[in-house]
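Structure first, then comments.
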Protein chains: 2
Amino acid sequence: MDAPTDRLAAMVARLRERGHRISPQRLAILGHLVESPDHPTAETLYRRLLPRFPDLSLATVYKTIAALKACGEILELQFSGQDNRYDAACPTPHPHCICLACGAIADPPAPGVQAMAKALAEATGYAITSHRLDFYGLCPACRRKREQRQERE
Amino acid sequence: MDAPTDRLAAMVARLRERGHRISPQRLAILGHLVESPDHPTAETLYRRLLPRFPDLSLATVYKTIAALKACGEILELQFSGQDNRYDAACPTPHPHCICLACGAIADPPAPGVQAMAKALAEATGYAITSHRLDFYGLCPACRRKREQRQERE
DNA sequence: TTGTATGCAAACACTTTGCACGAAA
DNA sequence: TTTCGTGCAAAGTGTTTGCATACAA
């Protein structure tokens with residue numbers, strides 16, 4: 001059994017134990033979430049599942065995400081200007097590298113985050129329980145494109 | 001001349017050199033931004049200035065913020081569920097500690113952020129230009145309240 | 001059989017925009 | 001005198017909600 005399959009089973013079990021039911025739509029949404037390393041938006045999820053569920057509703061996607069949020073089984077990256085992005089493969093806070101050109105999101109290794117959180121807790125007196133670490137820039141592909149464009153000029 | 005006054009002058013100068021005009025409303029918004037260490041929302045700014053400008057419009061606040069954003073003179077912390085928060089006192093990216101109970105935002109010292117950004121750039125191939133570091137938890141006051149409530153139970 | 005999930009449409013909250021008027025430069 | 005800023009109202013955008021029906025357990 002591979003990691004996504006385990007993860008899917010864990011999510012289903014968690015939803016069930018919280019009294020949620022597993023409809024075909026919901027199962028498909030969960031399945032797609034764990035298999036998508038690209039941190040999809042609700043809209044993206046919806047569009048990708050439409051071929052399989054021709055009258056799927058965006059509301060259903062949002063409601064499923066809400067259930068996952070309530071269970072702590074999904075990480076929501078909020079943006080006020082664009083759609084929120086979701087990470088259900090690894091629902092605990094971790095850093096992200098976000099491409100400003102194409103919107104790609106990568107999950108880099110996170111050395112030293114805990115130490116930083118501890119230092120900030122001591123400096124401010126806050127009791128820190130969670131965090132959000134986003135690094136913005138250009139992904140390798142967009143960086144290459146930009147370099148080529150500059151060479152041409 | 002104290003720091004907020006300097007900062008205000010710098011913001012005015014920057015807006016002017018970009019061709020913007022300084023109306024009394026705009027000056028008041030800027031003034032309030034540099035004096036507010038609490039990272040206000042557009043709505044908060046609006047409510048605080050209403051006594052001085054009884055027919056101030058929220059649109060004017062947003063338009064002024066937009067001008068500041070275009071000049072790189074304000075840091076916008078986006079939230080999709082709540083109002084965005086603004087920091088014009090220090091418009092370059094820096095960590096924030098955000099209280100989940102009362103919404104307070106503190107500016108802790110930031111040791112090691114650059115090192116982390118560099119490590120992530122190397123690990124992912126991203127060209128990192130900016131970042132957002134939010135730590136969520138309870139501020140000292142809300143932590144105290146919660147402890148007292150637990151003692152009573 | 002009971003209660004939750006679905007899908008539709010309407011409602012929401014925050015932010016942005018269009019426009020006519022007024023004011024900064 | 002020439003823009004640009006203002007204030008109002010309307011439009012946008014992404015997300016949530018109400019409700020009747022369908023379906024999981």
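Hydrogens, waters and symmetry mates play no part in the numbers below; they use all other heavy atoms, side chains included. Everything quoted here is computed from the prediction, not taken from an experiment.
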**Study point:** Rounded distance in Å - CG (A:Leu56) to C1' (C:dT6)
**Key:** 9 Å

Exercise for review: Whole angstrom is fine here: how far is it from CZ in B:Arg21 over to C1' in C:dG22?
Suggested key: 11 Å

Practice item. Pick base, sugar-phosphate or nothing for B:Pro54, based on heavy-atom distances below 4.0 Å to the nucleic acid. Key: nothing

Review point. Across the strands shown, which category fits B:Glu43 at heavy-atom distances under 4.0 angstrom: base, sugar-phosphate, nothing?
Key: nothing

Revision key, fill the gap. Taken to the nearest whole Å, NZ/A:Lys63 to P/C:dG7 is 9 Å

Check your understanding: Of B:Pro24 and A:Ile22, whose nearest nucleotide on DNA chain C comes first from the 5' end?
Key -> A:Ile22

Point to revise | Minimum side-chain heavy-atom gap A:Thr64-A:Val61 below 4.5 Å | key: no

**Study point:** Rounded distance (Å) that lies between atom P of D:dG5 and atom CG of B:Leu58
**Key:** 18 Å

Revision key, fill the gap. Assert: residue with more 5' nearest nucleotide on DNA chain D, out of A:Arg16 and A:Thr41, is A:Thr41

Review point. Which nucleotide, D:dT15, D:dG7, D:dA25, lies nearest any side-chain atom of A:Tyr86?
Key: D:dT15

Revision key, fill the gap. Whole-Å distance, A:Asp83 CG to D:dT16 P, equals 11 Å

Practice item. Report yes if a side-chain nitrogen or oxygen of A:Ser23 is closer than 4.0 Å to either non-bridging phosphate oxygen (OP1 or OP2) of C:dT6; otherwise report no. Key: yes

Practice item. Return the value, rounded to whole Å, for the distance between atom CG of A:Asn84 and atom C1' of C:dC14. Key: 13 Å

Check your understanding: Does A:Arg132 reach the main-chain N or O of B:Leu133 with its side chain, forming a donor-acceptor pair under 3.5 Å?
Key -> no

Exercise for review: Give a yes or no answer on whether the side chain of B:Arg7 reaches the backbone of B:Gly31 with a donor-acceptor pair at less than 3.5 Å.
Suggested key: no

Practice item. May I ask you to say whether B:Asp38 pairs ionically with B:Arg48, meaning some side-chain N is under 4.0 Å from a carboxylate O? Key: yes

Check your understanding: Has A:His20 got a side-chain N or O lying under 4.0 Å from the OP1 or OP2 atom of C:dT4?
Key -> no

Review point. Would you say A:Gln25 reaches D:dC23's phosphate, i.e. side-chain N/O to OP1/OP2 under 4.0 Å?
Key: no

Check your understanding: Between B:His94 and B:Asp107, does any side-chain donor sit less than 3.5 Å from a side-chain acceptor?
Key -> yes

Practice item. Give the rounded distance in Å between these two atoms: CG of A:Leu68 and C1' of D:dT16. Key: 16 Å

Check your understanding: Would you say the side chain of A:Arg26 and the base of C:dT6 hold a donor-acceptor pair, judged only by whether the two atoms sit under 3.5 Å apart?
Key -> no

Check your understanding: DNA chain C: B:Ala66 or A:Ser57, which has the more 5' nearest nucleotide?
Key -> A:Ser57

Exercise for review: Taking only the side-chain nitrogens and oxygens of B:Ser80, find out if one of them lies under 4.0 Å from OP1 or OP2 of D:dG14.
Suggested key: no

Check your understanding: Rounded to whole angstroms, how far apart are CD on A:Glu76 and C1' on D:dG14?
Key -> 11 Å

